Student: 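Sharing a structure, written as structure tokens. Questions coming.
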Amino acid sequence: MQSNPNIVVYFAHLAIEQSVINRRLRDVVCDLPNVDFRDLYERYPDFYIDTAAEQSALRRADLIVFQHPIYWYGAPAIFKHFQDTVLLRGFAYGPGGTALHGKDFLLVASTGAPVEEYGPDGVHRYAFEDLIRPIEQTARFCGMNFLAPLVLHGGHTLPADVIESHALEYRRRLEAYRPAGFR
Ligand SMILES: Cc1cc2nc3c(=O)[nH]c(=O)nc-3n(C[C@H](O)[C@H](O)[C@H](O)COP(=O)(O)O)c2cc1C
């Protein structure tokens with residue numbers, strides 16, 4: 001029998017004290033026994049990311065989660081820096097770069113705008129799925145399986161019970177997670 005699957009959650013928020021959604025989402029998953037919760041701005045306030053330590057954390061994981069608010073149609077800046085300094089040739093892609101092959105990847109994101117604003121008639125013009133293609137394609141390029149993202153649209157206009165049930169759904173998804181072929 002296999003032990004619980006390993007999950008690493010990478011988290012970033014620029015002003016956690018002002019966060020409503022991601023703070024609650026963080027709080028409901030960070031204490032799960034098989035979750036390695038890694039707050040990037042807390043660990044690396046100076047942006048000097050420890051590449052070897054993060055590559056080890058990624059190697060250990062069956063499921064890799066990126067959790068963050070959407071800032072300017074993408075992830076907070078430190079996530080881009082994380083990709084540039086950790087997902088290196090020979091590790092994540094290129095010759096011998098198979099460390100992430102077969103792992104699952106889950107994006108957990110929140111937006112300020114309601115979902116109707118993501119489409120041809122909305123202020124953000126494009127479907128949300130199209131705006132996150134760079135994240136999806138990065139995961140796929142590294143050989144990972146891109147799972148259906150868990151997204152909460154609407155930001156601080158949402159009632160507290162909607163945020164709470166979304167948070168519990170996040171926790172349930174991590175608790176229920178099993179890699180393909182896991183018994
Ligand atoms: C720098 C910055 C950029 C943002 N860009 C977007 C955006 O492109 N689209 C959007 O819908 N919301 C945007 N927002 C709103 C945040 O996504 C929203 O406030 C956040 O998801 C709410 O989660 P929180 O309570 O954890 O902060 C932005 C907010 C900030 C501070």
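Note that the numbering runs from 1 along the sequence shown for the chain. Hydrogens, waters and symmetry mates play no part in the numbers below; they use all other heavy atoms, side chains included. Only a predicted model underlies this, so the values are computations on that prediction, with no experimental measurement involved. Just so you know, ligand 1 is whichever comes first in the structure, and atom 1 is the first atom listed for that ligand.
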Student: Mind checking side chain to side chain contact (heavy atoms under 4.5 Å, CB included) for Leu14 and listing every partner two or more places apart, or none if nothing turns up?
Tutor: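 Listed in chain order: Tyr41, Tyr71.
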Student: What closest approach, in Å, do Ala92 and Leu100 show between heavy atoms, and which atom pair accounts for it?
Tutor: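 In terms of heavy atoms, the two residues are closest at CB-CD1, 4.0 Å.
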Student: So that I know where these two stand, are Phe37 and Phe11 an aromatic pair - ring centroids less than 6.0 Å apart?
Tutor: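 Here the rings of Phe11 and Phe37 have centres that are less than 6.0 Å from each other.
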Student: For Asn34, what residues pass the side chain to side chain contact (heavy atoms under 4.5 Å, CB included) criterion, not counting sequence neighbours?
Tutor: Asn4, Pro5, Ile7, Leu32
Student: Who else is in Phe141's hydrophobic cluster (ILVMFWY, side-chain heavy atoms under 4.5 Å, direct or via others)?
Tutor: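 Taking Ile, Leu, Val, Met, Phe, Trp and Tyr as members, Phe141 shares its hydrophobic cluster with Tyr93.
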Student: Parallel, tilted or perpendicular for Tyr118 and His124, by the 30°/60° rule?
Tutor: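 Because their plane-to-plane angle is under 30°, the rings of Tyr118 and His124 count as parallel.
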Student: Applying a heavy-atom distance cut-off of 4.0 Å, which protein residues contact ligand 1?
Tutor: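 Near ligand 1, by chain and number: His13, Ser19, Val20, Ile21, Asn22, Pro69, Ile70, Tyr71, Trp72, Tyr73, Ser110, Thr111, Gly112, Ala113, Tyr118, His156.
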